[in-house]
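Worksheet: one structure, shown below.
Each chain gets a letter, A, B and so on, in the order its sequence line appears, and its residues count up from 1.
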Amino acid sequence: MLTEGQVVVHESLGDEEQRLRRLVLKGPIARTAHAGQFVAIQVQDSSIASFDPLLRRPISIAGISSERDEITLLYRIQGRGTEILARAKCGERLSVMGPLGKGFSLPEKGELWLVAGGIGIFPLYPLAQSALAQGLTVRLFWGGENKSFLESAGLSSWKDLGIPLQLSTLDGSLGQTGLVTEQAQELLEKSTASGGQIRAAACGPKKMMQAVTELFKNYKVSVEVSLEERMGCAVGACLGCVCTLIDEAGVLIHRKVCQDGPVFRGEEVVWDESC
Amino acid sequence: MLTEGQVVVHESLGDEEQRLRRLVLKGPIARTAHAGQFVAIQVQDSSIASFDPLLRRPISIAGISSERDEITLLYRIQGRGTEILARAKCGERLSVMGPLGKGFSLPEKGELWLVAGGIGIFPLYPLAQSALAQGLTVRLFWGGENKSFLESAGLSSWKDLGIPLQLSTLDGSLGQTGLVTEQAQELLEKSTASGGQIRAAACGPKKMMQAVTELFKNYKVSVEVSLEERMGCAVGACLGCVCTLIDEAGVLIHRKVCQDGPVFRGEEVVWDESC
Amino acid sequence: MSPVNLSTQLAGITLRNPILTCSGTYGFGEEYVAYCPLEALGGITLKGITPLPRLGNPVPRLAETPAGLLNAVGLENPGLEEFLKSYLPKVRKLPTAAIANISGFSLEDYVLLARALQKDSGLAALEVNISCPNVKHGGMHFGTDPQSAQEVIAAVKAETDLPVIAKLSPNVTDIVGMAHAVQLGGADALSLINTLLGMHIDINHQRPVLANTFGGLSGPAIRPVAVRMVWQVFQAVDLPIIGMGGITTWQDAVEFMLAGATAVSIGTGNFVNPLAPLEILQGIQDYCEKRGLASVHDLVGLAHRA
Amino acid sequence: MSPVNLSTQLAGITLRNPILTCSGTYGFGEEYVAYCPLEALGGITLKGITPLPRLGNPVPRLAETPAGLLNAVGLENPGLEEFLKSYLPKVRKLPTAAIANISGFSLEDYVLLARALQKDSGLAALEVNISCPNVKHGGMHFGTDPQSAQEVIAAVKAETDLPVIAKLSPNVTDIVGMAHAVQLGGADALSLINTLLGMHIDINHQRPVLANTFGGLSGPAIRPVAVRMVWQVFQAVDLPIIGMGGITTWQDAVEFMLAGATAVSIGTGNFVNPLAPLEILQGIQDYCEKRGLASVHDLVGLAHRA
Ligand SMILES: Cc1cc2nc3c(=O)[nH]c(=O)nc-3n(C[C@H](O)[C@H](O)[C@H](O)COP(=O)(O)OP(=O)(O)OC[C@H]3O[C@@H](n4cnc5c(N)ncnc54)[C@H](O)[C@@H]3O)c2cc1C
Ligand SMILES: Cc1cc2nc3c(=O)[nH]c(=O)nc-3n(C[C@H](O)[C@H](O)[C@H](O)COP(=O)(O)OP(=O)(O)OC[C@H]3O[C@@H](n4cnc5c(N)ncnc54)[C@H](O)[C@@H]3O)c2cc1C
Ligand SMILES: Cc1cc2nc3c(=O)[nH]c(=O)nc-3n(C[C@H](O)[C@H](O)[C@H](O)COP(=O)(O)O)c2cc1C
Ligand SMILES: Cc1cc2nc3c(=O)[nH]c(=O)nc-3n(C[C@H](O)[C@H](O)[C@H](O)COP(=O)(O)O)c2cc1C
Ligand code: FES
Ligand code: FES
C-alpha cells in the first residue's frame with residue numbers, strides 16, 4: 001500500500017544524545033500491520049521533491065493502533081536520510097509504503113523469548129503485546145550500549161508490560177555487563193527441560209543474530225531473526241536486499257529481506273558474508 | 001566576500017499570486033555594496049547540505065543599509081531554487097557571496113532616466129536613492145504585466161521617492177497600455193534639446209534591453225543596461241556567463257556578466273544571440 | 001479537447017501507451033501490483049534471465065550516490081527453465097505487455113534463450129541486454145564491441161519470431177557506432193541506456209561499499225548522459241528508441257521523447273515513487289493536450305527541429 | 001599528536017598539499033583570491049589555453065542537472081600569446097603552484113603550446129587536456145583513441161622540460177587502455193576525469209538548453225564514475241593520479257585518495273562553496289590524524305588492500 005501518513009507525533013525519545021525519535025503516523029497502514037513488518041518512508045521535504053537522498057528509508061513498525069489508525073516508528077538519526085526525516089512536522093504528510101515484508105510468527109502457546117540488540121528492540125514491542133494478548137509467557141533479553149540508551153529506547157514501556165527483563169549493557173551502567181547472549185545462555189541452561197515449549201524472536205546486529213541463532217540451536221529452541229539489508233524497491237522487485245538461506249535439501253538459495261523477510265527462521269540463514 | 005547573512009525579514013511581497021518575496025539579510029555586504037551589484041546566495045536548507053539544486057542563485061541587491069548592515073533582496077519564486085530559498089526563516093543564516101560584479105554608474109549631474117521591465121525594477125531602487133542623494137533629476141519608466149504586479153513589486157515605495165513615474169502594463173490595468181519604450185520615446189521626442197544632459201539605466205528582459213538601447217541611441221542618450229546570464233562561479237572563473245561586446249576597434253569580445261557586469265554600456269552590447 | 005492518442009508502435013508491436021518499466025527494477029511484474037495499476041502501463045520489462053539460474057553477487061548490492069543509485073545485483077535470476085515453468089504462466093496473465101530481457105556470457109547463451117522465447121510465449125518482445133556491467137568476463141564484451149554486438153543480435157534475431165530490442169551500454173566511446181552495429185544485426189528497436197559503471201568507497205571501513213566493488217549507476221544523475229545518447233542515436237540511426245536513465249517525472253519523460261525516444265522506461269524512479277509511471281503518463285498526456293498534439297508520437301524527436 | 005605530513009610528490013614536483021583546483025573552474029587564479037586563500041592550496045590548474053584566442057560557444061553555456069552541472073564553454077581563452085603576455089606574469093606571482101592546461105585541435109597545436117611553456121615560465125607542470133568534449137572536430141579524437149593520445153603526449157613531452165600530466169576523458173570504453181597509452185607516451189602523471197558528455201532539453205522551448213546542444217557533465221553526479229576510473233587505473237598503471245569529478249567535501253576527497261589518487265582537484269565544488277578546498281584540506285588532515293597516519297600519502301590506494 002502506498003499512502004500519505006499524517007504526522008501526529010514527532011518527538012525526541014529520551015536523552016537527546018541518543019538521537020532517537022518517535023514518529024506517529026495516521027493512516028490505513030495500522031489496519032493490516034503486524035509486528036516485524038516495516039514501512040519504506042520517503043525522507044524528503046514533503047512539498048519540494050528532492051533526489052538527495054534518492055531512496056526511501058526502511059523503518060520497522062514499532063507500534064500499531066488499528067483503532068486509531070496509527071503506527072509508531074522509532075528510529076535513530078543515523079545519516080542524511082533520517083536527519084531529514086527528523087524535520088517532519090506535525091500535520092505534514094509523508095509518503096509511506098507499507099506494511100512491508102513478513103513479520104514474526106507467534107506460537108500457539110508456551111514461552112516466547114525476545115532477544116534484542118540496541119535499536120533492534122523497536123519491532124519487538126508490538127510482538128510482545130500480541131504475545132501477551134494471546135496468553136503467552138514472554139520474557140526479554142536486551143543488550144545496549146549503556147543505561148542512557150536503554151532508558152531512552154523505551155525501557156519504562158517494557159517495564160509496564162510486567163514481563164521479566166534481562167538487561168545488559170556494554171559498560172555495566174545498567175543490568176549485567178556484557179553480551180545479551182550470555183544471559184540467555186544462563187537461563188537456557190536452567191530451562192532446557194522445557195525446551196520444546198520455548199520459541200525465540202530476535203532483532204539486532206547481524207553478528208548478534210548469528211550468535212543468538214547458534215546459541216538457541218544448541219538448546220533446540222527455534223528462533224526467528226529479523227535481518228537488515230540496504231534496500232532499493234522494498235517490495236521484492238530489484239533483488240538489492242537478498243540474504244542467503246539454506247533450504248531443506250541443503251541448497252543455498254536467496255531470499256529477499258524486504259519481501260520474504262525481514263524475519264527468517266534463524267536456522268535457515270547462512271551467515272557467511274560472501275554468499 | 002563569502003559571508004553568512006542572517007535572515008532578519010523574509011516575507012511575501014504584495015499579492016501572493018505574484019510569488020514575490022522580500023528578504024533582508026544582516027551582514028557586512030551592505031558596507032561595500034552599490035546599486036546594480038548582486039549576490040550569489042546558497043539556496044538550500046542551511047544545516048543539511050544538499051546538491052539539489054547544486055548552484056547558488058544570483059539575486060540583485062535591491063536595498064542597501066550600511067548603517068544597519070542590511071541588504072534587501074527582492075525575488076520572484078521561479079523554480080526549485082527560489083522555492084527552497086523562500087523557506088528560509090528569520091534567524092537562519094544563509095551563505096552569500098557578494099557584493100558581486102560592477103553596478104551602475106552615476107553621472108555627475110543632469111537627469112537619470114530609469115527604465116525597468118518587470119522585476120528588472122529591483123536593482124533600480126537603490127540607484128534612484130543614490131541619484132537623488134546626489135541631487136540628480138530622476139524619472140522612472142516601468143512596464144509590467146498588470147496593476148497587481150506593479151503594486152506588489154514596490155510601486156508605493158517608488159511613489160514615496162516623489163519622482164515622475166511613467167507606468168505601463170500589458171493589459172492596461174495601470175498606466176498606459178503597451179511597452180515601456182513607447183512612453184520613453186514620447187518623452188525623448190520632447191526632451192531632445194537636453195539630450196546631452198540625460199543618462200539612462202535599464203534593467204529587464206534582454207529583448208527590452210536591446211530595444212531600450214536602440215531607442216536611446218537614436219536620441220544620443222547613453223544607457224547602461226543590466227544583463228542576465230546563467231551563472232556557475234559568479235566570480236569570473238568559469239566563463240559560463242559571457243556576453244558579447246564590440247570594442248572601439250569594432251572587434252567582438254566576450255565579457256563576463258558576473259564580473260565585468262552585470263551592467264554594461266548598452267551601445268557596446270552585441271545583441272545577436274549567436275555570438 | 002479531443003483525447004491524445006497514446007498508442008505507441010514500436011518494433012512492430014502496439015503498446016497501449018509509451019510508458020514502460022525497466023528490466024531489473026520491476027521484478028517479473030507481480031511485485032508492484034499493489035502499488036501501481038499495471039493495466040495502465042504500456043508494458044513492463046522483466047528481470048534479465050540467463051540460461052542457468054544465478055545467485056548473483058553477495059550483498060551489499062546497493063549504494064546511494066548523489067541523485068544516483070549503484071547496483072551490483074549480478075544478474076540474479078531463476079534461469080530459463082524455472083522462468084518458463086514458474087514465472088511465464090503468471091507473466092502471461094499480466095494485464096499489460098511483457099518484454100523479456102535476456103543476458104548471456106556467450107553467443108550460445110543468447111541463442112538458447114532466444115530459441116525458447118517465441119511469439120507463442122505470450123511475450124511482446126525480447127530485449128537483449130548486451131550491456132550488464134556487473135558480470136565479470138561476460139556481458140561487457142558484447143556491449144562494447146560493435147562486431148560482437150552485431151553478431152549477438154543477428155543470432156538472436158535468427159532464432160526468435162519476437163521483435164528484438166537491443167539494449168545498449170553507455171560505457172562506450174561511440175554509442176552511435178554500437179547502434180549502427182545492432183541495426184546491421186537486425187534489431188527492431190533500441191533501449192538506451194543501461195547503467196554507467198561506477199563505484200563508491202566507504203571511508204570508515206576503507207573498502208568499496210559494494211561487495212562486487214563496481215556497480216551500475218542509475219537514477220537522475222545519469223539522465224544528461226542518457227538524453228545525449230538518445231539524441232545522438234536518433235539523429236544517426238533509423239530505429240525506434242526506448243529511452244531510459246533517470247526518469248522520475250513526466251518532464252523527464254518528455255525530455256527523452258523530444259530527444260527522440262518513441263517510448264520511455266522507468267527504473268530507479270519506481271523505487272522513489274511507485275506511482276511514477278502513472279503520474280508520468282498523465283503528465284505527458286496533459287503536455288500533449290496543452291500543445292494541441294493529437295498523438296503522443298508527435299513528440300518524438302521534436303527538439304531536433306532547427 | 002604530531003602533525004600530518006601533507007607534502008605531496010607528484011610527477012617530480014612537490015606540492016604543499018594534495019589539494020588542487022580544476023582547470024576551467026578557477027580562471028587564471030585571480031578570480032577566487034577574495035574567496036579562498038590560494039597560499040593554502042597545493043596548487044591551481046589554469047583555464048585551458050589554445051594556440052589562438054577562442055571566443056568559445058554562444059550562451060547559454062551552463063545547465064543544472066540533478067547533482068550535476070553541464071557546461072559548454074567551448075574552450076574560450078585568450079590564446080597563447082596573450083596568455084604569455086598578460087596572464088603569465090600574474091600567474092607567476094600566485095602564492096601557490098600553477099599548472100597550465102593546454103588544448104589543441106592538431107598535434108601541431110600541442111607542440112606549439114608545449115614549446116612555449118618551459119620550467120623557466122614559473123609553471124609547475126603542464127596538464128594536457130586531450131579530453132575536452134565541447135569542441136567539434138577536435139579534442140575528442142585525441143581523448144578517445146589510445147594511439148593518438150600516446151602521440152600527443154609523446155610530442156608534448158619532447159618539447160617541454162615541465163612535468164606532463166595527461167588529462168583523460170571518461171567518455172571511453174576502456175579508461176585503462178587510455179592510461180596505458182599516455183604512459184607509453186611518457187606522461188608523468190594522470191588527471192582523472194574530465195567531464196562526461198551530456199545534454200539537457202528545455203521542454204518548454206523544446207530545444208536543447210545549451211546553445212552548443214552538448215555539454216560536459218561535472219559535479220557530484222559523476223563522482224561514482226570518476227572514483228571507479230581512478231580505482232581501475234590505479235590498479236593497472238604505475239603513474240600518480242590526480243583525482244577529480246564531483247568532489248565537494250573532505251569525505252569525497254578521501255574517497256578518491258583511498259581509490260588511488262595521489263592528489264585531488266576541486267572543480268564545480270568551488271562554485272557551491274568557494275572555501276571547499278580549504279575545508280577539504282582540513283578534513284583530510286583530521287582524518288589522517290584520527291587514524292594515526294603520519295602522511296597524507298599513506299591514504300593513497302588504501303582501499304585496495306584485500
Ligand atoms: C527492515 C529494516 C527495518 C529497519 N528498522 C529500523 C528502525 O525501526 N529504526 C531505525 O532507527 N532504523 C531502522 N532500520 C535502519 C534504517 O533503515 C537506517 O538507519 C536508515 O536507512 C539510515 O538512513 P540515513 O540516510 O539516515 O543513513 P545513511 O546516510 O544512509 O547511512 C548511515 C550509515 O548507516 C549505514 N546503513 C544505512 N542503511 C543501511 C542498511 N540498510 N544496512 C546496513 N547499513 C546501513 C550506511 O552505510 C552508513 O554507514 C531498518 C532497516 C531495515 C532494512
Ligand atoms: C545578475 C542577476 C541578477 C538577478 N537578480 C534577480 C533579482 O533581483 N530578483 C529575481 O527574482 N531574480 C533575479 N535574477 C534571476 C534569478 O537568478 C533566477 O530567477 C533564479 O536563479 C531562478 O532559480 P530557480 O532555481 O528558482 O529557477 P530554475 O528552476 O533554475 O529556473 C526557472 C526558469 O528560469 C530560467 N532561468 C533560471 N536562471 C536563469 C538565468 N540566469 N537566465 C535565464 N534564465 C534563467 C530557467 O531556464 C527556467 O526556465 C537575477 C539573475 C542574474 C543573473
Ligand atoms: C537494481 C537494478 C537492476 C537492474 N537489472 C537489469 C537487468 O537485469 N537487465 C538489464 O538490461 N538492465 C538492468 N538494469 C538497468 C535498468 O534496466 C536501466 O537500464 C537503468 O537502471 C537506467 O534506468 P533508471 O535510471 O531509470 O533506473 C537494472 C537496474 C537496476 C537499478
Ligand atoms: C565550467 C567548466 C569549464 C571547464 N574547462 C576545462 C578546461 O578548459 N580544460 C580542462 O581540461 N577541463 C575543463 N573542465 C573540466 C574540469 O577541469 C574537471 O575535470 C571536471 O569539471 C570534473 O571535476 P568537478 O566535478 O569537480 O567539476 C571544465 C569544467 C567546468 C565545470
Ligand atoms: S529492496 Fe528490492 S528486492 Fe528487496
Ligand atoms: S559565472 Fe563563472 S564566469 Fe561568470
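- Scanning residues 87-102 of chain D against chain B with a 4.5 Å heavy-atom cutoff picks out nothing at all.
- Side-chain contact check for B:Glu4 and B:Ser95: no donor-acceptor pair (N or O, by modelled atom type) lies under 3.5 Å.
- For a residue to count as touching a neighbouring chain, one of its non-hydrogen atoms must lie under 4.5 Å from one of that chain's; by this rule D:Thr65 does not touch chain B.
- There is a side-chain donor-acceptor pair under 3.5 Å between D:Ser169 and D:Asn171.
- D:Glu76 touches chain B through backbone and side chain together, each having a heavy atom under 4.5 Å away.
- Applying the ring pair (Phe, Tyr, Trp, His ring centres under 6.0 Å) criterion to D:Tyr32, with sequence neighbours excluded, gives D:Tyr26.
- Scanning residues 222-234 of chain B against chain D with a 4.5 Å heavy-atom cutoff picks out B:Glu229, B:Arg230, B:Met231, B:Gly232, B:Cys233, ordered by number.
- Proximity to chain D among residues 255-263 of chain B is limited to B:Lys256, B:Gln259, judged by heavy-atom separations below 4.5 angstrom.
- In this structure, D:Pro220 and B:Leu54 have side chains that are in contact, with non-hydrogen atoms separated by less than 4.5 Å.
- In summary, the side chains of D:Asp202 and D:Gln206 do not present any donor paired with an acceptor at a separation below 3.5 Å, with no hydrogens or angles considered.
- Side-chain contact check for D:Ser86 and D:Glu82: at least one donor-acceptor pair (N or O, by modelled atom type) lies under 3.5 Å.
- In the model, D:Ser191 has a side-chain atom that pairs as donor or acceptor with a side-chain atom of D:Glu127 under 3.5 Å.
- For the residue pair B:Ser152 / B:Asp15, no side-chain donor-acceptor distance below 3.5 Å is found, with atom types taken as modelled.
- Inspection of the D:Ser218 and D:Thr268 side chains reveals an N or O donor paired with an N or O acceptor under 3.5 Å.
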